[in-house]
Amino acid sequence: MRPIGVFDSGIGGLSVLQALQAELPHERFVYLADTGHAPYGEKSETFVRQRSLAIAQHLIEQHHIKALVVACNTATAAAIHVLRSHHPQLVLVGVEPALKPATQLTRTGRVGVMATQGTVGSEKFQRLLASMDPGIHFEVKACNGLALAIEQSTLPAHASPAQAQVGQLLQQYVTELGPFGPQSGHIDTLVLGCTHYVFAQEQLQQLVGPGVRLISTGEPVARQTHRLLQSAGLLSPQAAPAHAHGRVALYTTGDLEGLKAAAQRWLGLPGDDCHAAVGV
Ligand code: DGL
């Protein structure tokens with residue numbers, strides 16, 4: 001049974017992996033956190049494209065993946081088209097900020113979008129934005145530093161200063177985006193356009209208030225992966241759920257202890273499922 005590959009610049013994609021595990025309980029996954037090269041959001045498109053191609057190649061050659069989920073908005077914006085042209089046979093799924101669902105949910109007609117500089121500056125995002133209902137106003141914010149602070153907040157050695165920085169940055173970006181609330185003229189729907197931000201969801205909800213909906217993409221991406229595997233005839237047999245242990249192997253190009261801490265904290269996985277990535 002070949003696994004599904006999933007990658008992100010770091011731990012953000014674990015939020016997508018969580019949804020994939022719930023949607024596809026019979027599948028095996030191999031997750032690669034490119035922490036050694038994070039954050040992607042403030043790097044050039046060329047750099048992110050090169051990393052994405054190298055990671056896809058590595059996962060195909062070393063892990064024989066049957067599908068690849070790009071669990072990173074920034075990498076999807078920079079590289080999904082080149083990944084598709086390099087690997088036309090591979091089932092490939094990307095993530096992008098959930099603007100369309102937000103247009104259906106907003107009552108005030110004002111939607112906030114938080115994403116990385118790389119995502120909001122990309123042609124792909126600008127095209128998506130231009131295709132939205134012109135009656136809806138999107139307030140878009142490139143949240144520099146936020147993904148990195150969230151990443152570092154799981155590193156045991158940096159946890160508390162990084163957590164304080166996450167709090168400060170969230171406060172700053174929410175203030176710049178706002179006001180928030182169900183009243184007319186306020187933002188009532190907030191799109192989390194970076195997979196890392198899902199891990200700051202509770203803090204964000206407190207800042208924007210309970211009347212504001214936060215939208216992330218893990219579940220729709222997991223459903224799309226399910227549909228594509230099904231139509232390609234690649235779903236694993238469902239006779240018995242795969243045993244929890246060994247269903248997921250996680251690799252990092254950066255700090256192994258950080259990945260172990262994040263995998264334990266967000267997915268409840270034991271540290272011995274985490275390894276250093278070699279040769280990518
Ligand atoms: N998690 C990534 C995303 O969804 C990017 C974070 C970063 O490395 O800047 O955009």
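Every value quoted in this text rests on a predicted model; they were computed, and no experiment measured them. Atoms within each ligand, like the ligands themselves, are counted from 1 in listed order.
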Participant: Under 3.5 Å, is there a donor-acceptor pair linking the side chains of Gln172 and Gln168?
Facilitator: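 Not at all, the side chains of Gln172 and Gln168 share no donor-acceptor pair under 3.5 Å.
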
Participant: Linking Ile, Leu, Val, Met, Phe, Trp and Tyr by side-chain heavy atoms under 4.5 Å, what else ends up with Leu105?
Facilitator: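 Joined to Leu105, directly or through intermediates: Ile215.
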
Participant: Identify the protein atoms, limited to N or O, that lie within less than 3.5 Å of an N or O atom of ligand 1, and list each pair with its distance to 0.1 Å.
Facilitator:
{"residue": "ligand 1", "atom": "1 (N)", "partner": "Asp8", "partner atom": "OD1", "Å": "3.0"}
{"residue": "ligand 1", "atom": "1 (N)", "partner": "Thr195", "partner atom": "OG1", "Å": "2.9"}
{"residue": "ligand 1", "atom": "1 (N)", "partner": "His196", "partner atom": "ND1", "Å": "2.7"}
{"residue": "ligand 1", "atom": "4 (O)", "partner": "Asn73", "partner atom": "N", "Å": "2.8"}
{"residue": "ligand 1", "atom": "4 (O)", "partner": "Asn73", "partner atom": "ND2", "Å": "3.0"}
{"residue": "ligand 1", "atom": "4 (O)", "partner": "Thr195", "partner atom": "N", "Å": "2.9"}
{"residue": "ligand 1", "atom": "4 (O)", "partner": "Thr195", "partner atom": "OG1", "Å": "3.2"}
{"residue": "ligand 1", "atom": "8 (O)", "partner": "Ser9", "partner atom": "OG", "Å": "2.6"}
{"residue": "ligand 1", "atom": "8 (O)", "partner": "Tyr40", "partner atom": "N", "Å": "2.6"}
{"residue": "ligand 1", "atom": "9 (O)", "partner": "Tyr40", "partner atom": "N", "Å": "3.4"}
{"residue": "ligand 1", "atom": "9 (O)", "partner": "Gly41", "partner atom": "N", "Å": "2.8"}
{"residue": "ligand 1", "atom": "10 (O)", "partner": "Asn73", "partner atom": "N", "Å": "3.4"}
{"residue": "ligand 1", "atom": "10 (O)", "partner": "Thr74", "partner atom": "N", "Å": "3.1"}
{"residue": "ligand 1", "atom": "10 (O)", "partner": "Thr74", "partner atom": "OG1", "Å": "2.6"}

Participant: Kindly assign one of parallel, tilted or perpendicular to the pair His37 and Phe47, based on the angle between their ring planes and the thresholds 30° and 60°.
Facilitator: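 Taking Phe47 first and then His37, their aromatic rings sit tilted (interplane angle of 30° to 60°).
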
Participant: Taking CD in Glu123 as the centre, count heavy atoms belonging to other residues, nucleotides or ligands within less than 6.0 Å. Is the count above 12?
Facilitator: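 Open.
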
Participant: Determine whether Arg227 and Gln230 satisfy the following criterion, side chain to side chain donor-acceptor pair (under 3.5 Å), listing intermediate values before the conclusion.
Facilitator: CA-CA 5 Å; Arg227 276 192 294 271; Gln230 191 155 33; over 6 Å; no

Participant: Determine whether the side chains of Glu27 and Ser236 contain a donor N or O and an acceptor N or O closer than 3.5 Å.
Facilitator: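 Side-chain D/A pair, Glu27 to Ser236: present.
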
